[in-house]
Amino acid sequence: MGRDFKMWLWYKSGQFLRDPSNMHFTTYSTHPFKDQRPGTSGLRKRVEVFRQGNYLKNFVQSVFDTQRELVGGTLVLGGDGRFYNREAIQIILRMAAANGVARVLVGQGGLLSTPAASCVIRKYGAAGGLILSASHNPGGPDGDFGIKYNTANGGPAPEKVTEAIYARTLEITNFRSIDEEDVELDDLGSYQLSETQIEVIDPVADYADLMASIFDFDAIRALLAGGFRIRFDAMHAVTGPYATRILEQTLGAPAGTVINGEPLEDFGGHHPDPNLVHAAELVAMTQGPDGVDFAAASDGDGDRNMILGRDFFVTPSDSLAVLAANATLIPAHRGGIPGVARSMPTSQAVDRVAAAMGIECFETPTGWKFFGNLLDAGRIAFCGEESFGTGSNHVREKDGLWAVLAWLNVLAARGQSVADIVTGHWQQYGRNYYSRHDYEGIKGKAADQLMKDLRARLPQLPGTFLDGLEVGYADDFSYTDPIDGSVSQRQGVRIGFSNGSRIVFRLSGTGTVDATLRVYLESFEPNVASQGLDPQVALAALISTANELAQIQLLTGRAAPDVIT
Ligand code: G1P
Ligand code: ZN
C-alpha cells in the first residue's frame, strides 16, 4: 500500500491525533456479515460462527470505526476464559495497535470477569472495554462465544451505541491489523506492540480492593472464624481466582470453600449457569443435617449469582429486596440508598421495600444496560434482575461476588440464618411468589407467531376475566429512560391482574440457536400462614392461565417448559 493512501486513510479516520509516521498497519479488505446486531448482552454466536473468515475482525473494526474515543485512549480487554478467548485477544490486540489505541489493559491469561472489567474501566479512566464472553452459555469448540463493548462509565454500551456498531458492520469494507508476534499474556508486565502499550494486569487485585472498600470484611471474617460454613461454586468459570483470593485468602474461609475453582475452556463440559438445575452439586451441599449454612455460585463471566441457605433457595427477586431492606448494614451504604431498580419481569418484591423506605423504584427493560443512566445519575444504588443478576453503583455491571459478599455482610450483621432473614422479610412485606418457565429451542417462526397473537389480543383484555381473575392492564412494555428520554419499545408482553398477580411473556435476546420463550409468573401473598408453599403450587392457576392465553402447547408443541427457575 502506498504511503499517500495510508496518509489519506489515517487522516480520514481521525487518527491525526497520533503520529502516523510510526504507525505500521495493514488494511485488509472484507465483506459485511448481516447478523452482527448485538442482543441483550453483546454479540453472541456459536464458536464456529466467530471463527469463520473475518467475522470477529469485522465486528471489532466496527467498534473502532464508531467509538472514536478509543483512538489515543485506553482500552480494557479480557474475557471469561472460554474456548477461543486467547486467540480472540491476540487478534484484538493487533487490531487495537493498528487502530491507534494508546494503551490496552488486558487481564493476565486473557481473563477478566465482567464486573472486574467494569471496575478496571472506571478505575483507570479507560475510554471503553471489550469483554469476551457468552456468559452462562456453554463453551468449547461446539459451544458459544461472545463479545461486547462497554463504554467509559464501565457499563454495557447503550442501544444507540450498539446500533451504530451494528450499522457499521453492514457497510464495512476493510479492517486494520499489524503483523506482529503474539503478546505474552501469562506474565504480568508492560509490552510495546507497535505504538501501543500493552499492560498485562492482575485480573483480581483492583476488584478485590474495591470489595474491601464496600463491605465489613472484619465482620465477615469473624462470622467465618466462628464456624459459619460456606461453599462457593465457581463452575470452572472465571470467578474461581476471584473467589479463592477474596473468600479463602482474604476472609479466611477454609481451603476447599471454593469448588470447581479452576477456569476451564469448556467449563468442564457443564453449563456455567448458577441455578437450581445447573448447580445441582452445590444445592446438595446445603441439604440435610450436614448442609452448609450458606452457598453461592456464579456464572461463566462472574456477573450472575445464586444464593442458598441451609435447605433454602433465595430467588434473585427476593435477594434484591432483602439486600435493599438491609442496605444500611453495609458500610458503603450506611447513609441509606437513594433508590432501586429492577427489570420489568423481575418480581415486585423490591417495590414494596422501596415504598416502605420512601425511596424511588424504577422498572426497566430486561438487560443491565438500562440501569446505567440511573446509576450514573445517582438515582439508584441497588438494582437487579430475576435472571440471577444483582448489583450496585460500585460498577456498571451485575456482580456475582458482590452479591455473595453483600449477603455475608448482612448475615454477619444480623446473626440469623438465611431462611430466617428471608421468611422474616416476607412476614414484614408480604411474599411475592415467583417463577420463570423457559421453553428452549423452539422454532423462530412459532415463537414470533405466539408473540404476535398475544400482542393482537392485548387491547381487548383489560376488564375481562381469565380463570376468575380480572385483568387490570395488558400491554407491550415500553420504557422511556428518565435520564436521557430515549424510548425502548416492545420489551415484553405483560398482563396484570387486579389482585396484584402478573404474567409476562418475552423472547430471549441472548440465545444463539432457535428461539427461547420466557414466561414469568408472579403472585402476591400478604397472609403469613399461606407463605410457605412451593411456588409451583402457589402459582399453579396462573401457570395454566398463561399456557392457555398464549396457546403455548398448540403453537410450540411443548407440553412443559425445559427449565423452571
Ligand atoms: C438473559 C436474562 C436477562 C439478562 C441477560 C444477560 O437475557 O433474561 O435478564 O440481562 O440474559 O445476562 P434474555 O436471554 O432473556 O434476553
Ligand atoms: Zn454472565
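We count ligands from 1, going down the list as the structure has it; atoms in each ligand are counted the same way.
Here the heavy atom of the protein found nearest to atom 1 (C) of ligand 1 is R304 NH2, 3.7 Å. Atom 4 (C) of ligand 1 has as its closest protein heavy atom E385 OE1, 3.5 Å. The single protein non-hydrogen atom nearest to atom 7 (O) of ligand 1 is T510 CG2, 3.5 Å, given as residue, atom name and distance.
Which of R518, K398, H136 comes nearest to atom 12 (O) of ligand 1 through a heavy atom is settled by distance: it is K398. Between the choices G492, S387, S135, the shortest heavy-atom distance to atom 2 (C) of ligand 1 belongs to S387.
In this structure, E385 does not pair ionically with R304, as no charged nitrogen and carboxylate oxygen lie closer than 4.0 Å.
Taking CG of L374 as the start and CD1 of I380 as the end, the distance is 4.5 Å to the nearest 0.5 Å. Expressed to the nearest 0.5 Å, how far CZ of R396 lies from SG of C119 amounts to 12.0 Å. Here the OG1 atom belonging to T169 is positioned 5.0 Å from the CD atom belonging to Q36, to the nearest 0.5 angstrom.
Here the options are Y55, F59, Y84, F83, the test is ring pair (Phe, Tyr, Trp, His ring centres under 6.0 Å), and the partner is F145; only Y84 passes.
The G367 neighbourhood of ligand 1 comprises atoms 10 (O), with distances under 4.0 Å to a heavy atom of that residue. Per-residue contacts place G509 under 4.0 angstrom from the following atoms of ligand 1 (heavy atoms of the residue considered): 13 (P), 14 (O), 16 (O). Heavy-atom contacts of R436 reach the following atoms of ligand 1: 8 (O) (cutoff under 4.0 Å).
G389 does not count as a contact of ligand 1, since none of its heavy atoms falls under 4.0 Å from the ligand. Using a non-hydrogen distance threshold of 4.0 Å, M344 does not register as a contact of ligand 1.
Residue contact annotation: S41 places no N/O/S atom under 2.8 Å from the Zn ion (ligand 2). With 2.8 Å as the limit, D301 counts as an N, O or S neighbour of the Zn ion (ligand 2).
Relative ring orientation between F370 and Y479 is described as perpendicular, the plane-to-plane angle rising above 60° on a 0-90° scale split at 30° and 60°.
By the 3.5 Å distance cut-off applied to N or O atoms, D303 is not counted among the residues near ligand 1. Polar contact check, R506 against ligand 1: a nitrogen or oxygen pair lies under 3.5 Å apart. The shortest N or O to N or O distance between Y520 and ligand 1 is not under 3.5 Å. For a threshold of 3.5 Å applied to N or O pairs, the pair formed by S508 and ligand 1 contains at least one separation below that value.
Between the side chains of H437 and Q536, at least one donor N or O sits under 3.5 Å from an acceptor N or O.
T315 places a side-chain N or O within donor-acceptor distance of the main-chain N or O of D318, the cut-off being under 3.5 Å. One N or O on the side chain of T250 and one on the backbone of R245 form a donor-acceptor pair closer than 3.5 Å.
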* To do: Go through the steps to decide whether H425 and Y429 satisfy the test ring-ring contact (aromatic ring centres under 6.0 Å, His included), and finish with yes or no.
  => CA-CA 6 Å; H425 184 95; Y429 298 95; 4.4 Å; yes
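The angle subtended at the Zn ion (ligand 2) by OD2 of D299 and OD1 of D303 is 90°, given to the nearest 10°.
Judged by the 6.0 Å and 45° rule, R342 forms no cation-pi pair with F382.
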